[in-house]
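Worksheet: the structure to be examined is printed underneath.
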There are 2 protein chains.
Amino acid sequence: MNNVNSDLKIRGRNPRGEGEKLRATLLEAATELLAESEHPERVSVRGIARRAGVSPTAIYLHFESREQLFRAVSEECFAELGAAMCAAGPDAGGEPRDQLAAMGHAYLRFARERPGHYAVLFQRQITPEADEDDDEPKVGMDVFESLVGVVRRCGVPEADAFDLGVVLWMALHGRAAVASAMPGFPFPDEDRYIELLVDRVLA
Amino acid sequence: MNNVNSDLKIRGRNPRGEGEKLRATLLEAATELLAESEHPERVSVRGIARRAGVSPTAIYLHFESREQLFRAVSEECFAELGAAMCAAGPDAGGEPRDQLAAMGHAYLRFARERPGHYAVLFQRQITPEADEDDDEPKVGMDVFESLVGVVRRCGVPEADAFDLGVVLWMALHGRAAVASAMPGFPFPDEDRYIELLVDRVLA
DNA sequence: AATCTGAGTTGACATTGTTCATTTACAGTG
DNA sequence: CACTGTAAATGAACAATGTCAACTCAGATT
C-alpha cells in the first residue's frame, strides 16, 4: 500500500539568489504528502525531502524544524480554508442566513475531503506565540472575522455577534474533528446538522 | 526542564499467574506521562517502560502496539471524563438546564486541567473499529447517552434531542480542542460560552 | 587568478517503535 | 531435594526518524 520509492524529483541546485524557490518546493511536497497520508505525524522530514528531490538537511536551510515547516503548511491551508468559506458565503451573496449555512458546508467539506490538511491546522501550538505583536493579522483570524460579519448581518444583537460566531465555529470544528477521529459516530446528516446549528444559534 | 532519569521504579517480576498486573502498571505509567507532557506524540514506549521499571519489550506482552496502549489509556480517560460529567450533572440533581451547564463545565475543566489526557481521547482512529459488534457499549457512548437524556428532560421535542445533544457535545469539544491548539484565541469567558450555548441550543 | 558565499550534501548521532531469540525464576511433580 | 515446564521478562538488533556539524561545489566579486 505504501509508495515504493518513486517519489523523488530530479532537480538541480537553484541559481544564486533564487534559493527561496526551494522553500516553495518543500511546502508543495509537504502539502502533497499530507494530502496523501491524512496522518500528519506520519509525514516525515525525510519523506518530504525525498519528494522534493533534495537531501533531508536542505530543509533546515529554510525551516527551523519539522514543526515550523508544518506550521508554514498549516498557514497555507488556513488561507485555503478561508478562501473556500468566503467563496461559498460572503462572496456568493444571498441571504445572510444562507451564507452562514454555505460557509458551514464549505468548512465541513474541506475537513472531509482533505483530512490531512485539516488535521495539520489544529495540531497543538499552532499560534506563532500569541504574544504582543498585534501587527500580523494572525492567520485564520480574518476568515473568522468574516464569519462574524455574516452573523452580524443576520440581525443578532451586536453584543452577541462575536460570541455566537465562536459558538458556530466551535461546533463546526468539533464535528469535523470528531468525525475524523471517530468515523463510526452516528452523526446527524450534514445538512441537518448545519440547519439545526444555524437555526438555534441565530435565536 | 526534562526529567534526568529519576523515573524508574524498582520492581521485581510478578509471581506466576499475576502477569496481568504489569498491564495495569503500564497503563498507570502511561497515564502519568501523558499527564505530565500534554503532547501525546512525545510520550514514548521506552519512556513508559522506564517509568514502569520494566524493559520496553515487556509492553508487547500486554499491548499489540504503542497505538493500542494509547487506545487503552484513552478508554480509561473517557470513563473518567464521563464520571466527572455525570457527577456534575445527572447525579447532582437540580434543574435539567443547570445540569447541562454543569456537565459542560465539567467537560471543559477536564480538558483544561488534563490536556494530555484530553488530547489522547481524540487522536485519530479512536473507535476500536466501529464495525458490526454492537454488544460492547462503545466507551464514551454511554456518557453521551446520558447527556442526551438531560437534553430530553429539558423539554425539547423528542425528535431533536439526539441531534441537539450532538451539537452541544461538538461545541464543547470544539472549544476544548481549539483552546488547547490556539491558546491565544480570544474566547468568551467559559461561563458566558456555556450559558450562551445552552440557552441557544435549548430553543 | 584568488576569494567569498549561497545552495546543498555527507555522514553521523541519539532516539524511536518493534521483532526475535534468549534468559530468569517460580510452581508443581517425581 | 532435584527436575522441568512455562510464565514473565530481558537484550541485542533493525530500520526509520529528527537534527547537527562539517563538508563540497559552483557562480559572483574582487
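In the text below, chain A, chain B and the rest are named by the order of the sequence lines, each starting its count at 1.
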Between [options], spot the one nearest the side chain of [X], thanks.
{"X": "Ser55(A)", "options": "dT10(D), dT9(C), dT18(C)", "answer": "dT9(C)"}
{"X": "Ala58(B)", "options": "dT17(D), dG17(C), dT10(D)", "answer": "dT10(D)"}
{"X": "Arg46(A)", "options": "dT17(D), dT9(C), dT19(C)", "answer": "dT17(D)"}
{"X": "Tyr60(A)", "options": "dG8(C), dT16(C), dG18(D)", "answer": "dG18(D)"}

NZ/NE/NH1/NH2 to OD/OE distance under 4.0 Å, [X] and [Y]:
{"X": "Asp199(B)", "Y": "Arg200(A)", "value": "no"}
{"X": "Glu18(A)", "Y": "Lys21(A)", "value": "yes"}
{"X": "Arg42(B)", "Y": "Glu41(A)", "value": "no"}
{"X": "Arg112(A)", "Y": "Glu190(A)", "value": "yes"}

Just verifying a value: how many Å separate Leu121(B) CG and Glu75(B) CD, rounded to the nearest 0.5 Å? 10.5 Å
Does any residue of residues 11-22 of chain B have a heavy atom under 4.0 Å from DNA chain C, and if so, which ones, in number order? Arg13(B), Arg16(B)
[X] [atom1] to [N] [atom2]: how many Å, rounded?
{"X": "Ile59(B)", "N": "dT10(D)", "atom1": "CD1", "atom2": "P", "answer": "10 Å"}
{"X": "Arg66(A)", "N": "dT15(C)", "atom1": "CZ", "atom2": "P", "answer": "18 Å"}
{"X": "Leu26(B)", "N": "dG17(C)", "atom1": "CG", "atom2": "P", "answer": "14 Å"}
{"X": "Glu41(A)", "N": "dG18(D)", "atom1": "CD", "atom2": "P", "answer": "12 Å"}
{"X": "Arg23(B)", "N": "dA7(D)", "atom1": "CZ", "atom2": "C1'", "answer": "18 Å"}
{"X": "Leu61(A)", "N": "dC25(D)", "atom1": "CG", "atom2": "P", "answer": "17 Å"}
{"X": "His62(B)", "N": "dT18(C)", "atom1": "NE2", "atom2": "P", "answer": "16 Å"}
{"X": "His39(A)", "N": "dT17(D)", "atom1": "NE2", "atom2": "P", "answer": "16 Å"}

If you count the non-hydrogen atoms of other residues, nucleotides and ligands that lie under 6.0 Å from CD in Glu95(B), is the total more than 12? no
Is atom CD of Glu64(A) surrounded by more than 12 heavy atoms (other residues, nucleotides or ligands) closer than 6.0 Å? no
side-chain N/O Ser44(B) vs dT16(C) OP1/OP2, d < 4.0 Å: yes
Within the modelled atom types, does a donor on one side and an acceptor on the other bring the side chain of Ser65(A) and the base of dT19(D) under 3.5 Å apart? no
